[in-house]
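Here the structure comes first, spelled out in structure tokens, and everything after it is commentary.
Scope of the values below: all heavy atoms of this structure, side chains included, with no hydrogens, waters or symmetry mates. Because the structure is a prediction, the values reported are computed rather than measured.
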Amino acid sequence: MAIHPDDPPWPVFGLPRVITGRENIRKFLDLNKSRYNGIAVCTGSLGANRQNDIPAIIREFGREGRIHFAHIRNLKFTSERDFYESAHLSKCGSLDMFEIVKAFYDVEFDGYMRPDHGRMIWKETGRPGYGLYDRALGAVYLQGLWEAIDKMTNKYRNPAF
């Protein structure tokens, strides 16, 4: 099982959210200590709460083998709680994508990771939030970060993209 964080991480229509950050994740995982009880780290969902330290969350739960899946995307904040999904590059948003990918690398994450959501670019049409071209660019960007970290550490591990 890999529970996905609430998106957004604040109440909607007065309904509380459950999986919104480190403390809630810890509480959930402590309900059943099995390594099979895990989480999907969605950087967009967790990143929408500016209080979340995503690399620290990845390192804590990744070292325990409790991260089973990763959705990686970047957000650009326009105010404290207003944001849009930006291109994956760190410079295009408010999240440090290098540090996020490095955290996955540091805990030797071997689960599946993929770019999450995509903007509609290059006159593409389709379901909003699922642009094929932007997600493809995101996948290539994430692989490039992984390769750069590989070369920096001289470990050369293959990601499960």
How about Ile25 and Leu46: do any of their side-chain heavy atoms sit closer than 4.5 Å? yes
Of all the heavy-atom pairs spanning Asn74 and Ser94, show the shortest one and how long it is. OD1-N, 3.4 Å
Would you say Tyr36 ends up clustered with Phe109 if hydrophobic residues are merged whenever their side chains have heavy atoms under 4.5 Å apart, either directly or through other cluster members? no
Run the side-chain contact (heavy atoms from CB on, under 4.5 Å) check on Asn37 and Phe28 step by step: do they pass? CA-CA 9 Å; Asn37 180 39; Phe28 171 77; 3.3 Å; yes
Distance col, row Asp96:CG vs Thr43:OG1, nearest 0.5 angstrom, shows 11.5 Å
Any idea which heavy atoms bring Asn52 and Thr20 closest together, and the distance? ND2-O, 2.9 Å
Taking every non-hydrogen atom, the tightest pair across Asn32 and Arg66: O-NH2, 2.9 Å
May I ask you to decide if the ring planes of Trp10 and Phe83 are parallel, tilted or perpendicular, using 30° and 60° as cut-offs? perpendicular
Is the shortest heavy-atom distance from the side chain of Asp150 to the side chain of Tyr105 under 4.5 Å? yes
With sequence neighbours left out, which residue pairs that include part of residues 9-25 fulfil the salt bridge (Lys or Arg N to Asp or Glu O under 4.0 Å) condition? Arg22-Glu60
Drop me the distance from Asp106's CG to Arg63's CZ, to the nearest 0.5 angstrom. 7.5 Å
Which pairs with one or both residues in residues 29-52 pass salt bridge (Lys or Arg N to Asp or Glu O under 4.0 Å), sequence neighbours excluded? Arg26-Asp30, Asp30-Lys33, Arg50-Glu80
